[in-house]
Participant: 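Starting off with a structure, shown below.
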Amino acid sequence: MELFLLFISAAIINNFVLSMFLGICPFIGVSNKFSSALSMGMATTFVMVITSVVSWLIWFLVLVPNNLEFLQIPAFILVIASLVQFVEMFIKKVSQPIYRALGIFLPLITTNCAILGLALLISMKDYSFLEGIFFGLGAGAGFTLALIIMAGIREELELADVPKPFRGAPITLIVAGLLALAFMGFAGMIS
Amino acid sequence: MELEILIAVATMGGLGFIFAGALAVADKKLRVEENPLIAQVNEVLPGANCGGCGYAGCYDFSVNVVAGKTPVTGCPVGGQDTAIDVATLMGIDASTSVRMLPRILCCGDNEEAVKKMTSYYGPLSCSAMAQISGGDKLCLYGCLGGADCVVACPFDAMVMNEHGLPEVIDELCTGCGMCVKACPRNIIEMHPEDREVFVFCKNHDDPKTSKNVCHVSCMGCGICARKSDGGVVMDNYLAVIDYEKFDETKIPFDKCSTKVIRKQNFSKN
C-alpha cells in the first residue's frame, strides 16, 4: 500500500513535469504527436526506472560507505549518460521509425533534468531500494501521462481556430500552464 | 586527505570503466547493420557539413545518394572530383557536372549608383541596412555594399573591390551558395561557370526612376527583348535572360544604352 501510494504520489500529485517543472524541454518538444509522445514517455520511463536502480546502488553501496557524497552529481550523470546511450542503441535496433521520430530528443534524455532530479530525490529522501524503483516508475508514468495529455490537446489544437498571435509556441505554453494549474489541484493529497 | 582523493578518483574511474565495458558489449550485441556503401560514400565527401546540397549534412547526403534519391553529382562543394568518386562507388558513370558559381548581378558601385542626399549612419551590414533605410544608395534593388556576402563566405572566395562591389574569386569558390542566401537584395545568383552573358541589374523601376537612381541600371526599354526572339523577356521594366531559349548572336549588345546586358569573360579578371 505504501509503495502504491508512493507511485501515485510521484505520478500525479507531485508530477515531475506539471508540479515540479522538471523536463519541460521534451514536454514541449515531443508533444506534437500522440504516437511519438507515447514512445518518448516509454523511453524516458525506462531510463528513469533503470536510473533509480543504478543510482540507488551507487549511492548507498559505493558513495555513502566511502564518504564520497560530493561525487553524487558526476556519478549520477555518468549513470544517466551511459543508460541513454544504451537506450538509444536499443531503440535503433528494435524500431527504426521510433528512432527517427524521437530524433534529437532521444540523446537529449541525457540532459533531461527530470532524470537527474529523480536520482537526487531518491538519495535525498533516503528511499529503500524497492521504494526507489516505485518512485522511478511513478515519475516515469507521470512524465508519460503529462506528455500524452499535452499531445492529445495539441493534436486537437491543430484544428482549432487559434487567434493569430497565439499560434504555435504561445498557445502551447498557455496550455502547459493551464495543465499545471489543474495538477496543482492534487497538491497536498499525499505528502 | 590524499587517500580521499585517491578513493574518489578510483571510484569514478571504476564506475566509468564498468559503464564503458557494458556499453561496448551492448554495441556489439545491438549493432544495426546498415549499408556499408553509406560509410564509403561519406568518406569521399568533403565532410564540411555545409548543407549546400540541401541535406542536413554529408552523412544525410550519403544516405540519400545510396538510396538513389539524389544524383551522385549533388555535392556542389566537392565538385567534379567528388562526383566521380561517388559515382565509382555507386557503380555508375559520372556525367560531367557543371560547376556553379555565384554571379553578382549589379554594377551600381560607389561611382555609378546615385547616392541619397542624406548619409546613412548605422550598422554597416546589408541585412540591417535593407531593413532600416536601404543604405546610402537611392536604388532599391542594388548592392548595398555592406559585404554580408563576404562575411558569409566560408571559403574567403569573396572580396569587396575598390568600387564597393563584391567580387567572386572563382578559384577559391566552391559553389556552396551561402552568399546567395546572405544577400538581402537577391542580386547574387548561381550560374554555370562558362556562362558569360548576363543582365547586370535587378532594378524593376520604371525608365525615369531607374535612370535617376543609377547610371548603369536596366531602364526597361525592352530593345533587347524585342530583338532576341524570346531569349530575353521583360519582367516589370527589367530584362531577364531566359537561358533556355537564349541565342547570344541575337542580342543587340551595343544597342543597350547603359550596357547593362553584356558579355563578360570572368576567367580573365
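Just so it is clear: chains get the letters A, B, ... in the order the sequence lines come, proteins before strands, and each one is counted from 1. Predicted model, so just to flag it, every value in this text is computed and none were measured.
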Participant: Might you confirm whether atom CZ of A:Phe166 has over 12 heavy atoms from other residues, nucleotides or ligands at distances under 6.0 Å?
Facilitator: no
Participant: Any chance CG of B:Asp235 has more than 12 other-residue heavy atoms, nucleotides or ligands included, within less than 6.0 Å?
Facilitator: yes
Participant: Quick check: under 4.5 Å, non-hydrogen atoms only, which of residues 71-83 of chain A neighbour chain B?
Facilitator: A:Leu71, A:Pro74, A:Ala75, A:Leu78, A:Val79, A:Ser82
Participant: If you count heavy-atom pairs within less than 4.5 Å of chain B, which of A:Asn66, A:Ile58, A:Val94, A:Leu63 leads?
Facilitator: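 Option with the greatest count: A:Ile58.
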Participant: Looking at CG of B:Leu23 and CE of A:Met89, how far apart are the two atoms once the value is rounded to the nearest 0.5 Å?
Facilitator: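 The CE atom of A:Met89 is 5.0 Å from CG of B:Leu23, to the nearest 0.5 Å.
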Participant: Are more than 12 heavy atoms from other residues, nucleotides or ligands located less than 6.0 Å from atom OH of B:Tyr237?
Facilitator: no
Participant: How long is the span from the CZ atom in A:Phe90 to the NZ atom in B:Lys29, to the nearest 0.5 Å?
Facilitator: 13.5 Å
Participant: CD of B:Glu43: more than 12 outside heavy atoms within 6.0 angstrom?
Facilitator: no
